[in-house]
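One structure is given here, and the rest of the page talks about it.
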Amino acid sequence: MGITIAILVCLLATAAIIKSLLARRSSRLPPGPISFPVVGSLLSLRQPLHRHFARLADRYGPIVFLKIGMVPYVIANTARAAEFFLKIHDAEFANRPQSEEFFRIFSFGWSDLAFRSPGPEWKLMRKICATNLFSNAMLATSAPYRRSQLQSAMDAILDRSRGGEPVNLRTLFARYTSGSLCLTLFSQECPEVVETINNMAGQAINLNIGEIIPSLDWMDLHGVYATMRGEIMPRIKALLDDQVREHQERKKAAGDGFVCRDFVDVLISLDESDKLSDQEIIGLLCDMVGAGFKTSMESIEWCMAEVISKPEIMRKAQEELDQIIGRERAVEEHDLQNLPFIQAILKEALRLHPAVPLGMPHYNLRPVELGDGHGTIIPAKCKLLVNLWAANRDPAHWTSPHEFQPERFLGTNISPGGQHFQIIPFSAGRRMCAGYGLAMRSLFFLLASLLHGFIWSEISDNPIALEESIGTISCPPAKDLIVAASPRIEERILAQY
Ligand code: HEM
């Protein structure tokens, strides 16, 4: 009896494989691993997914098609493939999947920017981001907030170094990033807002059967949606509602003398033609905290981990700082353009360690032909993941692509601003990160100041491990970055930070 069942299972599995191969051939899909009924290729997936997908690309080519559960995915794994989807076919793939309950709840019913599909409301929000929130004028308005957070960080480091104590940079960066982001948005530090929204985003990694078998999604088998609806989202809404109400009251009290200090002020003062509803303002603020906190914090952590574990690179960076800034004044944000080596370090860290290695899913409503001469077609309603990690390490563009070599950027104009597809940690095209300008300024300022102010070294009994943690959407170093610091400029100059 047992043998009969085993033979039957083998026959069914073989039939499924043959059917999958035949279906793939006749449907002209891009190549990819075998898909089984119901589970697709789910059981063969390995963490971290960006590395797994890069291995699939070695076998099947740069554009891989697979099913995770019953959901079709297309994965772009090289700079050229990224360009195909994010430039040539950017418009067709600019949608977000609208079927998932998780994203619907997180976006306050598609009232936000990050999960909304393109349309007039999404366009308006992107315009507001580009012209009102992340304009040069607004970035200059928020500069004192970053400086005040940097001052606290520098004081804390100095205290530790005086006592001969190691510094936990992860904790320090969490405080700097959360503080400067919240001050930029609300003119207040709001750790509870950051914590609650990030707890919520963390729920996205819990395996949810509904996401892989969409017909079961409504059953909420893991109770994730019930927790989101019942506990987390009402808390987030209440916290952000309070912020909007307080800002509206201040605006009313100030009358004609009202001056915008932060993003909420800007959002409640938009011209009538650009007005957003309160729900949309909250959705946008929630995106900014969800998209801006961990990404920035983990990027600077990687950057410092790379630099501290390579003393020669730190020495070169500090030589540049001595030459351009000297030791008699603190670094300013506008020094960026005069510090090509520090810029190169930041670019190289973002290239090797994109904070969201697979970006956010895109989605196409109509089939798209690859134009590869074989008639290959991406069917409609696929989730597109651009493997930013693999594109950034594309050997067609970089020599020794897995090594940290900032010098590769010197004398080039290659930047992560979405024009050069071999370095796209912020993605590219119309859905490229809306906070790119703020993130780059904030990271650069922190990096240059830390290297200007202190000499950093590894602790012998706690060496730096440049390994990724596994199983999160982002990809922080596997363990906290705990290092030693000693001042390299006088305390009176450190006090200027
Ligand atoms: C190092 C820091 C950051 C990195 C690496 C990063 C990366 C990304 C990536 C890869 C995407 C997805 C793009 C796509 O769908 O193709 C994204 C989207 C987004 N990011 Fe960032 N981000 C960072 C910081 C920030 C900051 C500081 C903010 C705002 C305060 C922000 C706001 C957003 C928003 C609103 C979106 C959604 C844009 C849309 O869907 O139209 N990000 N980011």
Side-chain angles (χ1 to χ4, degrees), residues 50 76 82 85-87 90 93-97 103 106-107 110 112-119 121-130 133-134 138-139 142 145-146 173 176-178 180-186 193-194 197 201 262-264 267 280 283-303 346-347 349-363 383-389 391-392 416-418 421 423-444 446-447 473-476:
H50 52 277
F85 289 107
L86 299 176
K87 186 173 174 186
D90 185 25
F93 285 94
N95 299 281
R96 298 283 191 216
F103 295 137
F106 190 77
S107 63
W110 316 120
D112 76 331
L113 168 67
F115 296 105
R116 205 171 213 170
S117 277
E121 297 88 359
W122 173 83
K123 252 193 187 153
L124 174 62
M125 280 195 176
R126 289 290 311 199
K127 188 189 101 180
I128 292 168
C129 282
L133 298 178
F134 297 104
M138 203 55 206
L139 290 177
S142 58
Y145 296 141
R146 290 187 285 284
F173 292 155
Y176 169 86
T177 314
S178 161
S180 51
L181 182 61
C182 286
L183 287 166
T184 304
L185 300 180
F186 313 116
V193 173
V194 177
I197 293 177
D262 56 43
F263 281 16
V264 182
L267 291 170
E280 287 175 316
L284 188 53
L285 292 169
C286 188
D287 280 354
M288 302 276 174
V289 177
F293 170 62
K294 278 201 151 196
T295 47
S296 304
M297 173 190 146
E298 291 169 6
S299 299
I300 189 67
E301 199 178 344
W302 273 118
C303 193
L346 183 55
K347 288 178 190 174
L350 290 164
R351 181 187 75 80
L352 274 186
H353 308 288
V356 200
L358 292 171
M360 288 176 68
H362 291 220
Y363 189 72
K383 280 195 193 176
L384 163 71
L385 295 178
V386 177
N387 192 342
L388 308 177
W389 181 89
N392 290 354
F421 287 83
I423 173 164
I424 46 171
F426 298 91
S427 190
R430 63 192 72 197
R431 289 229 81 126
M432 185 185 155
C433 175
Y436 166 70
L438 174 64
M440 286 302 277
R441 261 197 200 217
S442 176
L443 295 178
F444 164 77
L446 183 55
L447 172 66
I473 301 173
S474 60
C475 212

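Ligands are counted one by one from 1 in listed order, and the atoms in each one are counted from 1 as well.
Considering every non-hydrogen atom in both Met360 and Phe115, the closest pair reads CE-CE2, 3.6 Å. His362 and Leu86 get closest at one heavy-atom pair: CE1-CD2, 3.7 Å. In terms of heavy atoms, Pro361 sits closest to Phe103 at CG-CE1, 4.5 Å. For Leu113 against Cys129, the heavy-atom pair with the smallest separation is CD2-SG, 3.9 Å. The minimum heavy-atom distance between Arg146 and Leu438, with the atom names listed, is NH1-CD1, 3.3 Å. For Ser442 against Ser180, the heavy-atom pair with the smallest separation is OG-OG, 4.5 Å.
The protein non-hydrogen atom at the shortest distance from atom 35 (C) of ligand 1 is Leu113 CD2, 3.7 Å. Among protein heavy atoms, atom 29 (C) of ligand 1 sits closest to Met288 SD, 3.6 Å. Atom 6 (C) of ligand 1 has Phe426 CD2, 3.6 Å as its closest protein atom, hydrogens excluded (heavy atom only). The protein heavy atom nearest to atom 20 (N) of ligand 1 is Cys433 SG, 3.3 Å. Among protein heavy atoms, atom 33 (C) of ligand 1 sits closest to Ala291 CB, 3.5 Å. What sits closest to atom 38 (C) of ligand 1 on the protein, heavy atoms only, is Arg126 NH1, 3.3 Å. Of the protein's non-hydrogen atoms, the one nearest atom 23 (C) of ligand 1 is Thr295 OG1, 3.4 Å. If you check which protein heavy atom lies closest to atom 36 (C) of ligand 1, you get Ala434 N, 4.0 Å.
Of all atoms in ligand 1, numbered sequentially from 1 with element shown, those under 4.0 Å from a heavy atom of Ala114 are 37 (C), 40 (O). Close approach to Leu388 involves these atoms of ligand 1, each under 4.0 Å from a residue heavy atom: 10 (C). Residue Ser427 has at least one heavy-atom neighbour below 4.0 Å for each of these atoms of ligand 1: 13 (C), 14 (C), 16 (O).
By heavy-atom distance, the residue among Met360, Arg116, His353, Glu298 lying nearest atom 12 (C) of ligand 1 is Met360. Among Arg430, His362, Arg441, the residue whose heavy atom lies closest to atom 14 (C) of ligand 1 is His362. Selection from Ser117, Pro425, Gly359 by nearest heavy atom to atom 5 (C) of ligand 1 gives Pro425.
Not a single heavy atom of Val386 sits under 4.0 Å from any atom of ligand 1. Distances from ligand 1 to the non-hydrogen atoms of Leu443 include at least one value under 4.0 Å. Contact between Phe115 and ligand 1 is absent, with no heavy atom of the residue lying under 4.0 Å from the ligand. The closest approach between a heavy atom of Met440 and any atom of ligand 1 is not below 4.0 Å. The closest approach between any non-hydrogen atom of Pro354 and ligand 1 is not below 4.0 Å. For Arg96, the heavy-atom gap to ligand 1 drops under 4.0 angstrom. Under the 4.0 angstrom criterion for non-hydrogen atoms, Leu181 is in contact with ligand 1.
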Inset, instruction - Would you sort out whether Phe106 and Cys286 count as a side chain to side chain contact (heavy atoms under 4.5 Å, CB included), showing the intermediate values? - result: CA-CA 9 Å; Phe106 190 77; Cys286 188; 4.3 Å; yes

Legend entry - Stepwise side chain to side chain contact (heavy atoms under 4.5 Å, CB included) test for Met288 and Leu133: CA-CA 11 Å; Met288 302 276 174; Leu133 298 178; 3.9 Å; yes

Inset, instruction - For Trp122 and Ser117, run side chain to side chain contact (heavy atoms under 4.5 Å, CB included): C-alpha distance rounded to whole Å, both residues' side-chain angles, the deciding distance at 0.1 Å, then the answer. - result: CA-CA 7 Å; Trp122 173 83; Ser117 277; over 6 Å; no

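For a threshold of 3.5 Å applied to N or O pairs, the pair formed by Ser299 and ligand 1 contains no separation below that value. Remark: ligand 1 and Arg431 share an N or O pair separated by less than 3.5 Å (distance only, no angle test).
Note that the NZ atom of Lys294 and the CD atom of Glu301 stand 10.5 Å from one another [nearest 0.5 Å]. In this structure, the separation between CE on Met440 and OG on Ser299 is 9.5 Å, given to the nearest 0.5 Å. Between the OG1 atom in Thr184 and the CE atom in Met138 there is a gap of 8.0 Å [rounded to 0.5 Å].
Taking the six-membered ring for Trp and the full ring otherwise, the centers of Phe263 and Phe134 sit less than 6.0 Å from each other.
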